[in-house]
Enquirer: 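One structure follows; several queries about it will come next.
Labels below follow one simple rule: chain letters A, B, ... track the order of the sequence lines, proteins then strands, and each chain is numbered from 1. For clarity, every value in this text was computed on a predicted model and none was experimentally measured.
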2 protein chains.
Amino acid sequence: MSAPKPIEGRLAEIAMAARELIAERGFEGLRTRDIAARVGINVATLHYHVPTKEALIRIVAQSLRSDFIAQSQARPRQGLSPVEVLKLEFADFRETMTEAPERYIVMAELSDRAERDAAIAAEIRPMQAYWRRMTADIIVEGRDKGVFRADVDPEAAAMMVIGTLSMSFWHARDDLEFFDRACAELLRALMVRPSKD
Amino acid sequence: MSAPKPIEGRLAEIAMAARELIAERGFEGLRTRDIAARVGINVATLHYHVPTKEALIRIVAQSLRSDFIAQSQARPRQGLSPVEVLKLEFADFRETMTEAPERYIVMAELSDRAERDAAIAAEIRPMQAYWRRMTADIIVEGRDKGVFRADVDPEAAAMMVIGTLSMSFWHARDDLEFFDRACAELLRALMVRPSKD
DNA sequence: CTGTCTCTCAATCAATTGATTGATGGAAAC
DNA sequence: GTTTCCATCAATCAATTGATTGAGAGACAG
């Protein structure tokens, strides 16, 4: 992941307000007036900083990407075993899910729009690709060290992990105990188990 | 799943046109004028059949639910082993993914909106719950018959299966070979493996 | 033939909404 | 002190868009 230009000042305020509103009302409910009101500025001032709504959405995507990178780099992983790293991923996801769910909600919303907007796709796809590759790398290491199944398909398993986490976000945001069960199931699905009897 | 009222005639045409447009342009791009144009009727005629846009969306959700039930009931499963049933699920998903992807795209779009619209949620949630429960049931049977891991958590594993399929839909729609790898990984994750001597 | 019911449309409304304009205040530059 | 540039706002525009109105065509019953 190359470093995108950081968003700061008024632009950052605008991006955050937009993110909040997208999380609250969805993309179709996003109105430039509401963003301006939340920032506390005039609509014209908003358009002074961000010429069009399209540009605004791109800025939101960049802002999200910055957060993602920051969170990713804030994780110390040296010296941890693959299982521990994976558990760290789960804990990280769980924390964001409960304390900053807006991030995943907006992410999903943008991911959706990326299907039809190349500029959004350019910001979003790298994040998703990075997440998948990072997860696959963990699985490769675990397999090579003999803690994960020898017949595991790292890329496919990475998609399994991410898909399970994403799905859990929508269906278990209010049921953390179930989220933990899903994570435990993922580990059991990946790890080498003691032979029967 | 109780049977919803079937949509037919002009209403069915309208629902299908709306589904196509939602799949093409997303929810925010849905315009009553466009729907009317695609059906080949006047906007006023559209509003004669469907009073408000909200009602229209509800009809789309019902239409989707009908399809879902029809597809679900068209599957003969008697006499099949849990593994075979699960493989049938995968094949079914794969077929819809390639031949009627619009169904899943609209489903995702509605699922999103269900977060903020109780009427949509009432149509969508039962489908999702049904899918999860049905999958969990398959896993329970497989576990009890000794083909799936004894320590499997059926509900969590069902979420894993569905999450993986859903994620595959977005990231592997153009790469069926990878979709198959994901399905194979799911099976390996669930099945009892020969003990490593 | 008349009345009624269903379905349709052209024309129009009213509200929303992204974007622009022209002006103002203040800080830095010269 | 004057000029220049940045940020801001009130007011307004122009287009979009969901919805309504009033009229008409066709089928069918009596």
Side-chain angles (χ1 to χ4, degrees), chain A residues 5-63 106 109-110 112-113 116-120, chain B residues 5-63 106 109-110 112-114 116-120 123:
Chain A
K5 42 188 165 182
I7 313 257
E8 45 192 23
R10 264 281 125 97
L11 273 188
E13 290 181 57
I14 292 171
M16 279 314 298
R19 283 169 57 166
E20 290 170 16
L21 286 168
I22 290 172
E24 287 172 20
R25 307 210 257 263
F27 228 114
E28 51 170 334
L30 185 64
R31 302 282 173 262
T32 53
R33 277 170 174 75
D34 296 337
I35 300 171
R38 182 156 301 200
V39 176
I41 60 177
N42 188 279
V43 207
T45 307
L46 176 69
H47 276 92
Y48 167 78
H49 290 286
V50 186
T52 68
K53 199 179 181 183
E54 288 298 303
L56 173 81
I57 295 171
R58 254 175 277 136
I59 284 174
V60 168
Q62 285 174 27
S63 156
V106 177
E109 213 81 40
L110 283 181
D112 199 55
R113 194 184 171 99
R116 306 171 196 97
D117 184 324
I120 307 291
Chain B
K5 42 188 165 183
I7 314 252
E8 46 192 22
R10 264 282 127 96
L11 272 187
E13 290 181 57
I14 292 171
M16 279 312 299
R19 285 170 55 165
E20 290 171 15
L21 285 167
I22 290 172
E24 287 171 21
R25 307 210 258 265
F27 228 113
E28 50 170 334
L30 186 64
R31 303 282 173 262
T32 54
R33 278 171 173 74
D34 296 337
I35 300 171
R38 184 157 299 201
V39 176
I41 58 176
N42 188 278
V43 207
T45 306
L46 176 69
H47 276 92
Y48 167 79
H49 290 286
V50 185
T52 69
K53 200 180 181 183
E54 288 298 303
L56 174 81
I57 295 172
R58 251 174 280 136
I59 285 174
V60 168
Q62 284 174 27
S63 155
V106 176
E109 213 82 40
L110 283 181
D112 199 54
R113 194 185 172 99
R116 306 171 194 95
D117 185 322
I120 307 290
E123 292 285 337

Enquirer: Would you kindly give the CG-to-P distance between A:Leu46 and C:dT17, to the nearest whole Å?
Expert: 15 Å

Enquirer: Quick one: do A:Val39 and A:Leu46 satisfy side-chain contact (heavy atoms from CB on, under 4.5 Å)? Show the steps, please.
Expert: CA-CA 9 Å; A:Val39 176; A:Leu46 176 69; 5.8 Å; no

Enquirer: Can you tell me which stems involve DNA chain D, if a stem is defined as three or more consecutive Watson-Crick or G-U wobble pairs, both distances under 3.5 Å?
Expert: C:1-30 with D:1-30

Enquirer: Any chance you could measure B:Leu11, atom CG, to B:Leu56, atom CG, to the nearest 0.5 Å?
Expert: 9.5 Å

Enquirer: Assign A:Leu56 to base, sugar-phosphate, or nothing according to its heavy-atom contacts below 4.0 angstrom with the strands shown.
Expert: nothing

Enquirer: Whole angstroms only, please: what is the NZ-P distance between B:Lys53 and D:dT20?
Expert: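 Result: 15 Å.
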
Enquirer: Would you tell me if any nitrogen or oxygen in the side chain of B:Thr32 comes within less than 4.0 Å of OP1 or OP2 on D:dG18?
Expert: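 Checking D:dG18 against B:Thr32, a side-chain N or O does come within under 4.0 Å of OP1 or OP2.
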
Enquirer: Roughly, in whole Å, what's the span from CD1 in A:Ile57 to C1' in C:dG18?
Expert: 12 Å

Enquirer: Would you mind reading off the distance between A:Leu21 atom CG and C:dT17 atom P, rounded to a whole angstrom?
Expert: 12 Å

Enquirer: With sequence neighbours excluded, what pairs up with A:Ala119 under the side-chain contact (heavy atoms from CB on, under 4.5 Å) test?
Expert: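 Result, side-chain contact (heavy atoms from CB on, under 4.5 Å) vs A:Ala119: A:Arg58, A:Asp117.
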
Enquirer: Return no unless some side-chain N or O of B:Arg31 is found under 4.0 Å from OP1 or OP2 of D:dT16.
Expert: no

Enquirer: Side-chain contact, heavy-atom cut-off 4.5 Å: A:Leu110 with A:Ile57?
Expert: yes

Enquirer: Supply the atom-to-atom distance B:Arg19 CZ to B:Ile14 CD1, rounded to the nearest 0.5 angstrom.
Expert: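 Nearest 0.5 Å value for the CZ-CD1 distance: 14.0 Å.
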
Enquirer: Does C:dC7 have its OP1 or OP2 closer than 4.0 Å to a side-chain nitrogen or oxygen of B:Tyr48?
Expert: yes

Enquirer: Send over the distance from A:His47 NE2 to C:dA19 P, rounded to a whole Å.
Expert: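 Interatomic distance, NE2 of A:His47 to P of C:dA19: 4 Å.
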
Enquirer: List, one per line, each side-chain donor-acceptor pair under 3.5 Å for residues 29-36 of chain B, sequence neighbours excluded.
Expert:
from: B:Arg31; atom 1: NH1; to: B:Glu28; atom 2: O; distance (Å): 3.0
from: B:Arg31; atom 1: NH2; to: B:Glu28; atom 2: O; distance (Å): 3.1
from: B:Asp34; atom 1: OD2; to: B:Arg25; atom 2: NH2; distance (Å): 3.0

Enquirer: Classify A:Leu30 by what it touches in the nucleic acid, base, sugar-phosphate, or nothing, heavy-atom distance under 4.0 Å.
Expert: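 Sugar-phosphate: the residue A:Leu30, judged by heavy atoms under 4.0 Å, touches backbone atoms but no base.
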
Enquirer: When rounded to the nearest 0.5 angstrom, what distance separates OG in A:Ser63 from CE in A:Met16?
Expert: 6.5 Å

Enquirer: Atom pairs, N/O to N/O, protein against nucleotides 9-15 of chain C, distance under 3.5 Å?
Expert:
from: C:dC9; atom 1: OP2; to: B:Asn42; atom 2: N; distance (Å): 2.5
from: C:dC9; atom 1: OP2; to: B:Thr45; atom 2: OG1; distance (Å): 2.8
from: C:dA10; atom 1: OP2; to: B:Asn42; atom 2: ND2; distance (Å): 3.1
from: C:dA10; atom 1: N7; to: B:Asn42; atom 2: ND2; distance (Å): 3.4

Enquirer: For residues 44-55 of chain B, which residue pairs qualify under side-chain hydrogen bond (donor to acceptor under 3.5 Å, both in side chains), counting only residues two or more places apart or in two chains?
Expert: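 Those involving residues 44-55 of chain B are B:Glu54-B:Arg113.
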
Enquirer: Provide, to the nearest angstrom, the distance between the NE2 atom belonging to B:His49 and the P atom belonging to C:dT6.
Expert: 12 Å

Enquirer: Apply side chain to side chain donor-acceptor pair (under 3.5 Å) to A:Arg38 and list each qualifying residue two or more places apart in sequence or on a separate chain.
Expert: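 Testing A:Arg38 for side chain to side chain donor-acceptor pair (under 3.5 Å), a comparison that skips the adjacent residues, returns A:Glu20, A:Glu24.
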
Enquirer: Rounded to the Å, how far apart are A:Glu28 CD and D:dG18 P?
Expert: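 Rounded to whole Å, this separation is 11 Å.
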
